Structure formats: C-alpha cells, structure tokens
> 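This is the structure I want to talk about, given as structure tokens.
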Amino acid sequence: MDVAQLERVSYSYRNSPAIADVSLHIKESEVIYLIGENGAGKSTLLLILAALFVPTSGIARIFGKVITEKSTKDIGLRRRIGIVFQDPDVQLFSPTVYDDVSFAPRHLTTGDYKLYTEKAMETMKISHLRQRHPYELSEGEKKRVAIATVLSYDPEFILFDEPTANMDGRGRREFKSLLKKLIDEGKTIVIATHLLRDIVYATRIIGMYKGKIDYDGDPYVLKNKKYLEKLNIL
Amino acid sequence: MNFVNATLKSIESLEEINVNHSRLHRINSESKIISVIIVLILMIILNSIVSLFLLLLFLTGESLIFERNVFKTWIFVPLFTGIIAIPAIFITPGTPIAHLGFIAATYEGLLAAIHLILRTLIAVTCVALLTKTTPWEDILASLNLLRIPEIFILILFLTFRYIFFLARITEATLLSLKSRIIGKEKILQSWKMYAPLVGNLFIKSYEMQEKIYIAMNARGFHMKKDEMLSPVRVRLKGINWGYVAVFIFLAFILLWTDGDLIWMLPSWSG
Ligand SMILES: Nc1ncnc2c1ncn2[C@@H]1O[C@H](COP(=O)(O)OP(=O)(O)OP(=O)(O)O)[C@@H](O)[C@H]1O
Ligand SMILES: [Mg+2]
C-alpha cells in the first residue's frame, strides 16, 4: 500500500495560495528529498503529508485514510507519522527538554514512556540537557531536541523540514548516520532542504517551483547545474 | 532595559518547576488546584486589607516552608500593578494626605493601591506554589478530572505558552531594535518606535500560537479525555483532604472576621 497519495492537492493560507495542483505517490521505504527555493511550498507540502493540514482542494490519502479535519486528530494515524518542523521554537513547547521528549510517548505509545524517552535522548545525545528549558538552548541543540521528540515514538513515516540547518559539521555527520539507521529500519522518509551538499541516500528527488512540482524523478538531476539554477537553489 | 529583563526572568521562573521534591510535590495536584481556587475566591471577595494581609501571610509561610523559589515571581508584580496602582493613589477621590504639585495623593487612593498589590501578590504566590510543585501535564489532567470544560483547559494551556512566547518574542524584538539604533538617539524617538512594535508582537505571537497548536496535534495532544490522559497517567489518588481542610478552615476564619477586620484600620485624620 502507498504511504501517501495526493491527487491534485492545493493549499492556500487565508487566500494566499502556497501549493497548487500537486499529485504525488509515496511508497514504503522511499527516501525523498524536496528541493526548491524559499517560498516554493516545501514546508506546506510536508504539513499536508503529515496529515496536519487538510487540502483546500484535491484529495490527500495518508496510509489509505482520506485527510479531513477529523482525521488530522486520528490517534492511529498520528502514531505512524513523525514531523520535525522547520522552526524548533514551534515544535518545542514544554517547560523542560525531558517533558518535551516524553510528550509523544505519553500520548502515543503503550508501555513505559520513560524507556522511549531515554532511548531517543541517547540517540540524539541530549541526555545532559534534560532539565534545561528548550528555549534557552542553542539553535543546533534545539534541532537535536526537536528530532528526539519525533524519534521518541518510533513512527514509520518521518518528515524532516530543514533538519541540518544550523547544525555544525559534527551534527550533520551524526544526522547522516541517523538517516542510515532509519533507512535500515525500513522507514519512509521525506526531507525538505536547500542544502544540496547534505543530500545523501536519496532514492528520489522532487523539485518544487512556485507551489508546483516541477521535477519528480531520480537523483541524477542533482548533477544538472542548469536545472538547479532554474530552481534558484544553486 | 534592566527592568524589562528582570520581568522576563520572573515570568520565566513562574514556569520553572522545581525538581527538588519538597513535601508539597507529593500532595496530589487535584488538592492543590482546589486550594488555589479557594484562595482565588477569597482574594476576590475579601474586603479588608487586614484579612487580605493575613491570607498573604499564610501563603508566604507556606512558601517559606515548602518552596522558597516562589518569591522569585514577586519581582514581576510591580510591572502589572504599578501601571494601575500608582495612578490610583492620585485619581481616587477622598481625603488628601500629600501634595505633589497640582495633584494630591488621597488616603482612599492609597488603600486602593494597597488592595491591588495585596491581591496581585496573593494570586501570584498561590499560582506559583502550584506551578512550581506540579508538572503542568498533571495540572491539565487534574483540571480535566475536576470536570473543568476542555475548551477552558485548552485556553489555559495556550495562555500559559503564550505568555512565555510573548516574553521571548519581546526580548528578541527589543534586542533587534537595540541593534538597529545607531548612536544615541533621543529617548522620545525610541518610544515612538515602540508603539508599532507592540501591535506587531501580538500578530507574531498569535501566529506562533496557531503553529504550536498544530505541533502539539502532531504529537497526539487532543482534548479528548481518554486520549489526552494515557492510562498510565490517570490515577485519581483521591483528594488529600487534610491539605484542603487547612484552606477550608482558613477561608472560614477569614470570611467570618472579614466584616469586623474592615473597621480595624485607623481612619485618617490629617
Ligand atoms: N502561515 C502562513 N500564512 C500565510 N502565508 C504563508 C504561511 N506560511 C507560508 N506561507 C506562504 O506560502 C508559500 C509557501 O511557503 P512554504 O513555507 O511552504 O515555503 P518553503 O518552500 O518551505 O520555504 P522556505 O525554504 O523558506 O522554508 C510562501 O509564499 C509563503 O509566503
Ligand atoms: Mg520551509
């Protein structure tokens, strides 16, 4: 079964259109990179794929479920999807790092939430930050915590919005090995980025331009300088 | 800018839960919420400065014994009350007690200002006692168990986050403003710049709030009882009646004597 199926999906923020007429199928275990200039609609598309936004028109099916206002709150669906937001300040809303990482396990998993929490903090190497306030961390640290909040409930479809922005060299290398691990576990992954040099393990590239899908195919396109220039991302 | 910073710090510290467990941490959150509600009702209906003062004294005692960090939050009382209390001293009609140029401070005005400050201190102290000794998820869960409508809990929760974001955004905005003021501009000019900023701040924090709600939804926060409280966390331990009884007793005494205490103030004879 397809993980996600979008049929002619459009989305507008209060009358300003962000994506238009997007059709897309995503299969299990694909590793897809969304590329495109600022404002191309990458984040919006991710929020639709995460079943958090209901399309203004068209149909979005995620894990076979048609996304409506009601299904955005479907607990069964939420458990299977994880999204790391572009802005960690939006993602982190609890008083301490520990509270934030344990938030999803408390709501979405069965069994001991503490185990899930500890494991995620260990993976992202943030155990020492557990009692800190998320808002007083450095941007790179925030991003690590944001990723941990999603790993903590082990979703099978993971969406990352600019995961390596603000990360230092070591952070980016560690993200790469995290990605490898997730791929080995068979996760389906979509990553929005405009840092072309950070693209690894891609099985498919989707190029966005002014709210539309302009390219959808194999990663060889990354060698096509002319095309990347046209997308304004080189 | 120091005053702004101090206020921000104390707003932040309102949110900070103390991890060193005191005895107050062990009292379940339902009991603490009931006691907060009792105190807030008292705060509203007590009339006498003396009984308000006694109530504050009781809360101060409780904080001294269990949770001294509460006092950090007192710093932010002047911001909210000062704006209203200081003018009240002068504009409330009554017996003048001191003159400042054309305007006079009145005895009634002074009383009104003291009332206001006492009430604010009471509210801040009892809420800080609760939030510093109780994880916020427990507070939300207990409100739910106490049958407070879900929409109120959601608003409360978002307000809680909102205050903090407003503070943080204000801090960042002030910094960015500071960074763009080249040389020493006149204070008046910089005040002119603040005005449109305030409107901007509200729009920003409003958008932030919407986004945070989406982010919470992404990780399974819905206001449905059975979903919001995963089985591990629903454990109504029974209300700790001993703790609540102290507050009921206190309320009883203060309400009993309030009418008498109101006469205990010396009347001003200039
Ligand atoms: N909350 C919002 N309200 C109104 N318009 C918005 C909002 N968020 C995004 N937009 C608009 O929607 C369009 C697509 O934005 P989106 O955030 O999806 O782009 P993006 O590709 O993620 O950009 P970036 O690379 O800068 O993150 C933009 O034109 C943007 O101005
Ligand atoms: Mg984006």
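Proteins come first, then strands; the chains are lettered A, B, ... in the order of their sequence lines, and each starts at number 1. Every value quoted in this text rests on a predicted model; they were computed, and no experiment measured them.
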> Between B:Arg219 (side chain) and A:Asp100 (backbone), is there a donor-acceptor pair under 3.5 Å?
yes
> In Å, rounded to the nearest 0.5 Å, how long is the span from NZ of B:Lys211 to CD of A:Gln86?
9.0 Å
> If every non-hydrogen atom of B:Ala218 is compared with every non-hydrogen atom of A:Tyr153, which pair is closest and at what distance?
O-OH, 3.8 Å
> Within the supplied structure, the quantity of interest is the number of heavy atoms (other residues, nucleotides, ligands) at a distance under 6.0 Å from A:Glu28 CD; does it exceed 12?
no
> Counting only non-hydrogen atoms closer than 4.5 Å, does A:Thr110 touch chain B with its backbone (N, CA, C, O), its side chain (CB onward), both, or neither?
neither
> Which residues in residues 29-60 of chain A have a heavy atom less than 4.5 Å from any heavy atom of chain B?
A:Leu47, A:Leu52, A:Phe53
> Using 0.5 Å steps for rounding, measure from the CG atom of B:Asn217 to the CD1 atom of A:Ile83.
11.5 Å
